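What follows is a set of notes on a single structure, which appears directly below.
For this chain, numbers begin at 1 and follow the sequence in order. All values below were derived from every heavy atom in this structure, side-chain atoms included, with hydrogens, water molecules and symmetry-related copies excluded. Bear in mind that the values here come from a model prediction, so they are computed numbers and not experimental data.
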Amino acid sequence: MKVAIVFNHPYEGSYCTAILNAVISGLQKAGHVVDLIHLDNDGFDPVMRAKDLKGFKDGVPSDPQVIKYRERLNEAEHLIMLFPIWWELMPAMTKGFIDKVIFPGVAYDYDNSGKYPKMIKRWTAINGVTIITTMNTPSLVYRLLFGNAIKKAVFSGTFWKLGFKNRKWISFNMVKFVSQAKREKWLVQIEKRFENFY
């Protein structure tokens, strides 16, 4: 299986990077092909500019990086998005990826034939989406106090609307405050999980 990973973290020494390496190792051990889209290393521009909004209206992206990503994601069979949660939300590059790549003419088209327009996904080969996040907020606090913002915005508000039924969210919480031993245990577990990835 070809798995596309969209990764966003600027610091190579981050725990997110350690998770990324564990996920890639697990997938490769299982015989999957990994296509890493590293937004930071690519210098991805997350800003929606006037020309991008015109492209949204016309269903034609103008950013050359977005066009390259479209070609790669058209070939993917599973999509993983891996990023930290900062101030209860995703970093700017991840939000920009959602704004500029999950875009008409790239990830979906509009069907206006019925009473209400609906989205028709273009990424027909992708059979599932996995979101992996890190945060320093306790899980219960994130759900109850902050309303599970990422789940609402990305898990449901983006990929559910696009029609992806197979969706999973793996959240690592309190990363800054747990022991090094626990962080290492999590890495072993996530690598093993992706070694057994269908």
For this session: Mark yes or no: K29 above the aromatic ring of F194, with NZ or CZ under 6.0 Å from the six-membered ring centre and no more than 45 degrees from the axis.
Result: no
Exercise. Can you tell me if R143 and S139 form a side-chain donor-acceptor pair at under 3.5 Å?
Worked result: yes
For this session: Could you label the plane-to-plane angle of the W123 and F164 rings as parallel, tilted or perpendicular, counting under 30° as parallel and over 60° as perpendicular?
Result: tilted
Exercise. For Q65, does its backbone N or O pair with a side-chain atom of D63 as donor and acceptor, under 3.5 Å?
Worked result: yes
Exercise. Any side-chain donor-acceptor pair under 3.5 Å between Y11 and D40?
Worked result: no
Problem set entry | Partner residues of D109 under the side-chain contact (heavy atoms from CB on, under 4.5 Å) criterion, sequence neighbours left out | R122
For this session: Would you indicate whether K2, at its atom NZ, is surrounded by more than 12 heavy atoms from other residues, nucleotides or ligands within a distance under 6.0 Å?
Result: yes
For this session: Under the side-chain contact (heavy atoms from CB on, under 4.5 Å) rule, collect the residues that match up with E71, sequence neighbours excluded.
Result: I67
Exercise. Does a donor on one side chain sit under 3.5 Å from an acceptor on the other, for S25 and E191?
Worked result: yes
For this session: Could you walk me through whether I5 and L27 pass side chain to side chain contact (heavy atoms under 4.5 Å, CB included), step by step?
Result: CA-CA 11 Å; I5 302 177; L27 288 169; 4.1 Å; yes
Exercise. Between S62 and D52, do the side chains contain an N or O donor and an N or O acceptor separated by less than 3.5 Å?
Worked result: yes
Problem set entry | Side chain Y110, main chain P104, donor-acceptor under 3.5 Å | no
Problem set entry | Parallel, tilted or perpendicular: ring planes of Y69 versus F97, cut at 30 and 60 degrees | tilted
For this session: Verify, without hydrogens or angle tests, whether D111 (side chain) and S113 (backbone) share a donor-acceptor contact under 3.5 angstrom.
Result: yes
Exercise. What residues, two or more places apart in sequence or in another chain, satisfy ring pair (Phe, Tyr, Trp, His ring centres under 6.0 Å) together with F155?
Worked result: none
Exercise. Atom CD1 in I126, atom CE in M1: separation rounded to 0.5 Å?
Worked result: 11.0 Å
For this session: Could you walk me through whether H9 and Y15 pass ring-ring contact (aromatic ring centres under 6.0 Å, His included), step by step?
Result: CA-CA 9 Å; H9 201 294; Y15 192 65; over 10 Å; no
